Student: 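Here you go, one structure.
This structure is a prediction, so every number in the text was calculated from the model and none was measured. Numbers restart at 1 for each chain; the letters A, B, ... are given by sequence-line order, proteins then strands.
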Amino acid sequence: MKLLLMCVGVVMASVSPALGQTCQTADLEARVRALEGQVRALQAQVSGLLAAQPRSIASDPHGQGARPVASDPTTPVVASAPQAVSGVPQSGAKVFNPDIGVIGNLVGATGNSKGGSDTLAPLPLVTLQESEASFQAIIDPFARADFFLAIGEEGIEVEEGFISFTTLPGGLLLKAGKMRANFGRLNAFHNHTLPWIDRPLVMFNLLGGDATDPDTGIKDAGLSVSRLIPAGKLFVEATGELYRGDSGTVFKSSRRADFSTVGHVRAYTDLTDDANLELGGSYSRGHNELGSAFVTQLYGADVTFRWRPLRRAIYRSVAARAELIWSRREDLALTQKAFGFYASLDYQLARRWVAGGRFDQSDRAMSALIQDRGFSGVLTFRPSEFSQIRSQYRRTRFGDGRRIASELLFQVLFTIGAHGAHVF
Amino acid sequence: MHAGHIVAGMDTKQVWVVLGDPVRKTQFDRSQTDVWLYRAHSLQQDHYRLGTQGVRLIFVRDRLVVIEPM
């Protein structure tokens, strides 16, 4: 009996571990099955989440998508690139066409001009004054061409047409053709680029052009060479120009040797990240309408100060300009020494509004004792970068007869065509 | 870009691709501003008749904010 019990005990002892292992295995299997179920459930959840997210994130697993637009009101708003309107592919449509743009310049005036002045382009009630068509293109890797046609009510003329060689050695830039001279600050600008409707008195009186030409100034056919001059922190550019010698009433060539010359040096520097300053000096010499023996010399100095707080760059800015011109015109009896200047201030009130004022004073080139003075107040509204509405009150006191003209001018500028850089 | 124009919103790399190296670069670390100067003939279309003037590009935090004639 005892032996039997001992045998049973031995058998039981040998079986119980196996039974324990079986129980543990079953437990493990059960746990594994439970874990498998949990993994399947998690996989299903992830699949569902991925399917519900936007495609851009789903295809950009590394998070390198577009930079978010700044929402901080103190930072400048970045304008989005303009959308193409035409459905025609650009690359195929204009392979051989230049960039074409047209600027319309509708100008009108009201008020009492007291008969105007023989040196100031009189304005009718309303006129489409000097609309401009531009054609610009790269010719080859070495040159580009620019044409600007002035379209007035009396016809079309080439305002400017020149070729620019941009890859000359020594950093030289050579232009050849008909162009506006680089004398002073404003002479090179076209009317529609000015911060006022008209040009300052000094431009008419001393840089003269045709008395009825609103786009007056020195403009002629010739050559222009310019070069940047290393000057440390300053941006310095020197320009030398040679022209035929025919420009309105200021220069007249009686023979081929009566050419005119223009020299200009300007220096630019950033004073701070908000402000910059530009200074310029100019000289011009040519023969006048009295003949080859009579010379007219012009000296000019200009200064431009700009302030634009960068964090509010498209909402606030200030621009102050002044230009002084001296004229030495050899006459039959004596040399007429005349002086004229303008000073202006423009303040950007808001994103689309600019207010400004300008003071003019100028002797007359042919009668230096006669002095004209004027004051203008200007208000400009820019609905977009392609249009502009401007009004200007102009009060001018003419030195001959002490006549006073008090006028209200208005202007509508509108632009069509391919666009390049714009002032914001 | 393929037409050679620059517009506000471009970054410095895009402007460099279109216009190339500027003649002058100025950096203002305090305001994270870069000012690039180009001679006017660099622009594909000189809509503001910059002529022999120049163009000034202002980048704030690497984004072109202001394009103005010099």
Student: As a quick check of understanding, evaluate side-chain contact (heavy atoms from CB on, under 4.5 Å) for L228(A) and R39(B), giving each step before the final call.
Tutor: CA-CA 9 Å; L228(A) 295 178; R39(B) 302 177 86 178; 3.9 Å; yes

Student: OG1 of T269(A) to CZ of R24(B): how many Å apart, nearest 0.5 Å?
Tutor: 5.5 Å

Student: How long is the span from the CG atom in L37(B) to the CG atom in D270(A), to the nearest 0.5 Å?
Tutor: 6.5 Å

Student: Using 0.5 Å steps for rounding, measure from the CD atom of E278(A) to the CZ atom of R56(B).
Tutor: 10.5 Å

Student: Testing the basics here: between V65(B) and I314(A), what is the closest heavy-atom pair and its distance to 0.1 Å?
Tutor: O-CG2, 4.4 Å

Student: Which region of T272(A), side chain (C-beta onward) or backbone (N, CA, C, O), has a non-hydrogen atom less than 4.5 Å from a non-hydrogen atom of chain B, or is it both or neither?
Tutor: backbone

Student: Check each atom of L194(A) against the heavy atoms of chain B and say whether the ones under 4.5 Å are side chain, backbone, both or neither.
Tutor: neither

Student: CD1 of I58(B) to CG of D274(A): how many Å apart, nearest 0.5 Å?
Tutor: 9.0 Å

